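Working notes, structure below.
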Amino acid sequence: MLDMKFIRENFEHAESSLATRNSEISLAGFIELDEKRRSLLVETEALKAMKNNVSEEIAKVKDKSTVKDRIAEMKEVSARIKALDDELKLVEEELAKLLMTVPNFPHPTTPIGKSEDDNVQIRTWGNPLEFDFTPKSHWDLGEELGILDFERAAKITGARFCLYKGAGARLERALISFMLDLHTTEHGYIEVLTPFMVNRTSMTATGQLPKFEEDLFRLMDPDYLLIPTAEVPVTNIHRDEILKNSELPISYAAYTPCFRREAGSYGKDTRGLIRQHQFNKVELVKFVNPAESEAELEKLTGHAEKVLQLLQLPYRVMALCSGDIGFSACKTYDLEVWLPAQSTYREISSCSSFGDFQARRAGIRFREEEKSKPEFVHTLNGSGLAVGRTLVAIMENYQQADGSITIPSVLRSYMGGMERITRC
RNA sequence: GGAGGGGUUGCCGAGUGGUUUAAGGCACCGGUCUUGAAAACCGGCGACGGGCAACCGUCCGUGAGUUCGAAUCUCACCCCCUCCGCCA
């Protein structure tokens with residue numbers, strides 16, 4: 001959520017900043033609603049002050065019959081207050097509805113652009129491998145090795161699910177442990193294990209609702225939603241809290257499965273693990289002092305990169321342009337890993353700063369000094385990494401001519417010493 | 001799912017219609033005193049919204065309602081605790 005005061009005082013700047021985003025956003029109607037809200041507020045508060053005073057006077061009078069006319073008068077005032085409050089509530093609801101669907105301002109350092117074609121490459125790491133044979137796709141490798149079974153997953157549930165078996169299942173688990181161990185022991189993150197389903201308030205606080213309900217899986221009886229990313233439960237850990245400046249930055253690492261409807265992506269990435277309704281992810285989340293958020297985004301991105309470096313997977317870092325960043329983000333770096341079978345880089349991590357956008361929605365604040373006014377923290381998060389896509393990258397980059405897969409050395413201790421996956 | 005108990009301004013906790021502008025204590029901050037500290041005493045001590053400000057308004061789990069007036073009465077819902085049932 002954006003700051004109402006800021007919009008009020010910088011209306012043109014706000015509109016032009018939002019215009020650099022891809023979607024069509026209009027703040028039209030905002031000023032009018034805002035003014036109406038304030039004039040209603042002034043009126044109703046004056047009446048309430050009067051009512052409070054008169055009620056106090058009535059309280060002091062022993063013989064109520066002498067103040068009959070005052071009581072009658074207050075009855076009318078109360079009715080008037082109620083009418084005004086109802087009107088105010090409507091205006092505030094409309095204002096909130098408008099505000100909740102407006103995306104964040106792009107950060108000044110976010111490149112301006114319309115689509116992903118305008119994203120800017122920041123750096124690359126490693127070089128795409130040269131194969132002296134034609135590299136196979138991970139789905140072919142997975143089926144031949146008997147470690148990925150898409151057909152049976154479709155029988156069990158439906159399209160866009162996968163059944164991992166044997167060394168495949170273990171490799172996924174090894175990656176989760178490896179990533180969590182790295183971030184908690186080397187990068188200073190606190191491990192958390194969260195609920196995988198959340199309520200609507202949590203989903204609204206991070207920005208998935210109200211606009212993106214069609215992307216989410218919903219439960220019927222309690223009105224809960226399956227998380228599309230650990231960002232939701234982890235950011236909500238501190239919802240409606242006032243943190244101490246001395247405890248910032250707070251850094252959490254969380255493994256969770258993620259559930260996404262992938263509505264509107266029919267026909268895209270239909271084969272393989274790239275786009276699934278359920279996938280595993282290790283997520284990094286930070287709550288920081290606003291002064292530190294730019295530096296913290298660089299650090300967090302570096303922590304995600306470290307995973308790829310240790311796995312010896314070539315990748316590049318892209319700065320997303322204003323037209324391509326997510327709803328709540330003001331700045332985003334995507335890490336894209338090299339996939340030889342597709343001869344292309346594919347997103348494996350997205351590291352974003354949200355400024356105070358989520359903190360304002362979620363009511364996450366801190367005090368600069370012990371006695372100073374609470375201010376909103378800045379929130380950041382990034383995948384460290386998407387586990388399924390990491391498994392894909394390992395399978396495709398580490399494949400051998402005979403169809404076996406070498407296990408990266410840093411993972412072998414997590415695989416019981418296994419060095420290579422062969423057909424079982 | 002059933003029965004019971006409970007949710008009060010950082011914490012504890014009083015308060016069952018009108019000096020509650022929410023007692024009291026703890027914690028915290030400032031002052032007096034002291035060589036310094038502690039103790040004692042005095043004062044301060046929340047969030048949000050509106051306003052240049054004085055100040056005003058809102059907030060006692062949430063939402064409706066009764067009333068001139070609600071922390072207090074009514075209804076619904078949420079959460080926590082205990083016991084029973086079921087269960088990984």
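Letters A, B, ... are given to chains in the order of the sequence lines, protein chains preceding strands, and every chain is numbered from 1. Quantities reported herein were computed from a predicted structural model and do not represent experimental measurements.
- Using modelled atom types, no side-chain atom of A:N10 and backbone atom of A:H13 make a donor-acceptor pair closer than 3.5 Å.
- Contacts of A:R200 with the nucleic acid, taken as non-hydrogen atoms under 4.0 Å apart, are absent.
- Within the structure, every pair that satisfies the ring pair (Phe, Tyr, Trp, His ring centres under 6.0 Å) test and touches residues 150-174 of chain A, not counting sequence neighbours, is listed here: A:F161-A:H277.
- Pair check for B:G63 finds B:C75; Watson-Crick or G-U wobble, both atom distances under 3.5 Å.
- Per the geometry, CD belonging to A:E45 stands 13 Å off C1' belonging to B:C59, to the nearest Å.
- One N or O on the side chain of A:N397 and one on the backbone of A:A393 form a donor-acceptor pair closer than 3.5 Å.
- A:E283 and A:Y255 form no side-chain donor-acceptor contact under 3.5 Å, judged by distance and modelled atom types alone.
- With both ends at atom C1', the span from B:G49 to B:A39 equals 43 Å, rounded to whole Å.
- One P atom belongs to B:G25, the other to B:G13, and the distance between them is 16 Å to the nearest Å.
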Query - Where protein sits on nucleotides 60-75 of chain B, one letter per nucleotide: B base, S sugar-phosphate only, - none, heavy atoms under 4.0 Å - result: ----SS--BS------
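- Atoms CG (A:L40) and P (B:G57) sit 18 Å apart, rounded to a whole Å.
- Residue pairs meeting the salt bridge (Lys or Arg N to Asp or Glu O under 4.0 Å) criterion with at least one member in residues 354-365 of chain A, sequence neighbours excluded: A:D3-A:R360, A:D356-A:R360.
- As rounded to whole Å, 14 Å separates atom P of B:U21 from atom CD of A:E57.
- The base-pairing partner of B:A3, taking Watson-Crick or G-U wobble contacts with both distances under 3.5 Å, is B:U82.
- Between A:E57 and A:R70, the closest side-chain pair of non-hydrogen atoms falls below 4.5 Å.
- Figure legend. B:G24 is base-paired to B:C12; pairs are counted as Watson-Crick or G-U wobble with both atom distances under 3.5 Å.
- Neither side chain, A:Q208 nor A:D215, offers a donor N or O lying under 3.5 Å from an acceptor on the other.
- Side-chain N/O atoms of A:N52 include one lying less than 4.0 angstrom from OP1 or OP2 on B:U58.
- Position along RNA chain B of the nearest nucleotide to A:A46 versus A:D34 favours A:D34 as the more 5'-ward residue.
- Counting atom types as modelled, A:E56 pairs no side-chain N or O with a base atom of B:G18 as donor and acceptor under 3.5 Å.
- B:U58 and B:A71 have their C1' atoms separated by 15 Å, with the value rounded to a whole Å.
- Spacing between B:G85 and B:C28 at atom P, rounded to whole Å, works out to 47 Å.
- Distance A:D240 CG to B:G10 P: 13 Å, rounded to the nearest Å.
- With a cut-off of 3.5 Å on both Watson-Crick or G-U wobble distances, the partner of B:C45 is given as none.
- Atom name C1', nucleotides B:A70 and B:U20: the rounded distance is 12 Å, in whole Å.
- Taking atom P in both B:U62 and B:C79, the straight-line distance is 15 Å, to the nearest Å.
- A:E92 has its CD atom 14 Å from the P atom of B:U58, to the nearest Å.
- In this structure, a donor-acceptor pair under 3.5 Å is absent between the side chains of A:S55 and A:N52.
- Rounded to a whole angstrom, the distance from the P atom of B:C78 to that of B:G63 is 15 Å.
- For A:R37 and B:G49, the shortest distance from a side-chain N or O to OP1 or OP2 is not below 4.0 Å.
- Here B:G51 presents its P atom at 5 Å from CZ of A:R38, a figure rounded to the nearest Å.
- Contacts classified as salt bridge (Lys or Arg N to Asp or Glu O under 4.0 Å) and involving residues 292-313 of chain A (residues at least two apart or in different chains) are given here: A:R123-A:E305, A:K286-A:E296, A:E296-A:K299.
- Rounded to an integer number of Å, the gap from CG of A:N53 to P of B:U21 is 11 Å.
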Under 3.5 Å between N/O atoms: give me all the protein pairs with nucleotides 45-48 of chain B, atom names plus distance.
residue	atom	partner	partner atom	Å
B:A47	OP1	A:R367	NH1	3.2
B:A47	O3'	A:R365	NH1	2.8
B:C48	OP1	A:R365	NH1	2.6

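- Between A:L273 and A:V392, the closest heavy-atom pair is CB-CG2, 3.6 Å.
- Distance check on atom P: B:C42 versus B:G24 gives 12 Å, rounded to whole Å.
- Between the CD1 atom of A:I81 and the C1' atom of B:C56 there is a distance of 13 Å, given to the nearest Å.
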Please set out all donor-acceptor pairs under 3.5 angstrom arising from side-chain atoms of residues 322-331 of chain A, sequence neighbours excluded.
residue	atom	partner	partner atom	Å
A:S322	OG	A:T20	O	2.7
A:S322	OG	A:G113	N	3.0
A:S322	OG	A:G113	O	3.2
A:D324	OD2	A:N119	ND2	3.0
A:S328	OG	A:T206	O	3.0
A:K331	NZ	A:T109	OG1	2.9

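- The residue among A:A49 and A:K5 whose nearest nucleotide of RNA chain B lies closer to the 5′ end is A:K5.
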